[in-house]
Amino acid sequence: MLLTHDNSVSHYQIAIVGGGAAGITTAAQLLKQNSCLDLAIIEPSQKHYYQPGWTLVGGGIAPINQFVREEKDVIPKRAKWIQDYVTTLDPEQNCLTLAQGQTIAYDYLILCPGIQIDWHLIKGLPESLGKGGVTSNYSKDYASYTWETIKNFQEGTAIFTYPTTPIKCGGAPQKVMYMADEYFKRGLGKNHQVMFCSAGTKMFGVAAYNATLEGVVKRRGIITKFQHNLKEIKADSKEAIFDVTTDKGIEAVSIHYDMIHVAPPMSSPDFIKQSPLANDQGWVDVNPYTLQHNRYPNVFGLGDASSLPTSKTAAAARKQAPVVVQNLLSKMNRQPLMAQYDGYTCCPLITGYRSAIMAEFDYDGNPTPSLPLDPTKERYSMFLAKVYALPWIYWHRMLKGEGFEADIFQPINQLLQTFGNDLKI
């Protein structure tokens, strides 16, 4: 149901800010538990995107239209959809205001508005994107241009960057890099140089998976430059300017590019940063295990805008949603909050057009594989999972609020049983 706007005050038992992966999944699960809940979802977008699919678009594997639905078609039928932006949050008064003037009062609030992409923090980037070999899979508007750029690349240097800030799907800058390198090698031979310029100090934050990825870049001959934070694009001269951390401090370094894929800085949405619900870094300040707000007990948070110290992925939201649902219902029934989130997240790291690593891990950096296979190995079966199984799970299970614990990888198991040794698992 789509609501119109006026300057009145509307009240809901539960208000969910954000109609992305986290918000829709949480709403669907809540309504499965109790179909009588008075629940509203505040989401301005007309379209709903499966954002992990944008990597596949950039790699030429699938078209962008394969990963989009109408927002109205994914909103749970018993939820009320308020199509507007939140401008301010007032947890003291248990209300929020919308861009078109409406005030929403609530008994309980769930915050999952996603992450904000700060293109403007890299000088010259906003006006350079989508032309001259400057691209990013972090926008639906440029993912197709990434593939166009890869296809048309003739020779020279292709740079793939990683910023200082937390970002959603932290493996995405590497995934497109590995596919691009493989495509270049098919047609260009050695007339290209692929470079990974990261503000970090290693390929991946979890040791077990980092070791595998170090082997991948070594095998492929990819040049790695760590502690390189992109701060400016000079499109006229095709220069990428980096702040480089050295023993002497920060130095500006210029690197020529013929193609550059940018992972931009990201942050919590401004209306979160400017609210009492944010922590010192601007994220929704929640308990890492119960996902309840640390100061306002009728508020819960999950997804990319939360302060949870784990990678920001749709798979993380998939595991967080049941914890929010159980604990919110317990709170409503004046019972102890017993559900616990262990930091599980998953990053399917494509390492080529026939291989991927299903990097699953928890808060402690322990691998937590869903299948009885060594998760640090590159596998064709995991590539198929990324391309076929995970999008199906997203649209047909996750957003429907269906249970997906032990059998989350059932479609993958079916692939394994069907194709057997052909999958080279």
Measure up the Phe184 and His192 rings against each other and bin them: parallel (under 30°), tilted (30 to 60°), perpendicular (over 60°). perpendicular
Whether the side chain of Asp118 engages the backbone of Leu121 through a donor-acceptor N/O pair (distance < 3.5 Å, no angle test) should be reported. no
Is there a donor-acceptor pair closer than 3.5 Å between any side-chain N or O of Trp81 and the backbone N or O of Glu43? yes
Strictly by modelled atom types, are Lys331 and Gln292 linked by a side-chain donor-acceptor pair under 3.5 Å? no
Would you please indicate if the ring centroids of Tyr49 and Trp54 are separated by under 6.0 Å? yes
Quick one about Asp362 and Thr368 (side-chain donor to acceptor, distance below 3.5 Å, no hydrogens or angles considered), yes or no? no
Side chains of Gln340 and Asp342: any donor to acceptor distance under 3.5 Å? no
Please confirm whether the backbone N or O of Met338 pairs with a side-chain atom of Asn327, one donor and one acceptor, at under 3.5 Å? yes
Verify the neighbour count for atom CG of Asp236: are there more than 12 heavy atoms of other residues, nucleotides or ligands below 6.0 Å? no
Got a donor-acceptor contact below 3.5 angstrom from the Gln33 side chain to the Leu329 backbone? no
When rounded to the nearest 0.5 angstrom, what distance separates CG in Leu399 from NE2 in His48? 4.5 Å
Of Tyr106, Phe271, Tyr85, the one forming a side chain to side chain contact (heavy atoms under 4.5 Å, CB included) with Val17 is Phe271
One should read off an interatomic distance between Ile64 CD1 and Trp147 CH2, to the nearest 0.5 angstrom, of 14.5 Å
Working to the nearest 0.5 angstrom, can you tell me the gap between Glu402 CD and Gln29 CD? 9.5 Å
Atom OH of Tyr178 and atom CG of Leu349: how far apart are they, to the nearest 0.5 Å? 7.5 Å
Going by an N to O cut-off under 4.0 Å, is there a salt bridge joining Glu214 and Lys202? no
Check: Ser268 main-chain N/O paired with Lys273 side-chain donor or acceptor under 3.5 Å: yes
Are Tyr341 and Tyr363 close enough that their ring centers fall under 6.0 Å? yes
Carboxylate-amine/guanidinium proximity below 4.0 Å for Asp181 and Arg220: yes
Quick one: does Pro288's side chain get under 4.5 Å of Pro309's, heavy atoms only? yes
When rounded to the nearest 0.5 angstrom, what is the spacing between CG in Asn229 and CD1 in Ile241? 12.5 Å
Between Ser307 and Val286, is there a donor-acceptor pair closer than 3.5 Å when you use the side chain of the first and the backbone of the second? yes
Looking only at side-chain N and O atoms, does Glu71 offer a donor or acceptor that is under 3.5 Å from a partner on Ser45? no
Using a distance-only test with no angle check, is there a side-chain donor-acceptor pair under 3.5 angstrom linking Glu378 and Thr212? no
Taking Arg69 for the side chain and Val74 for the main chain, is one N or O donor matched with an acceptor at less than 3.5 Å? no
Do Tyr296 and Glu92 meet the criterion of a side-chain donor-acceptor pair at a distance under 3.5 Å? yes
Could you tell me whether a side-chain N or O of Ser330 sits under 3.5 Å from a main-chain N or O of Leu337, the two making a donor and an acceptor? no
Does a side chain donor of either Gln83 or Gln46 reach within less than 3.5 Å of an acceptor in the other side chain? yes
Is His256 reaching over with its side chain to a backbone N or O of Lys238, donor-acceptor style, under 3.5 angstrom? yes
For Thr310 against Gly343, the heavy-atom pair lying closest together: OG1-O, 2.9 Å
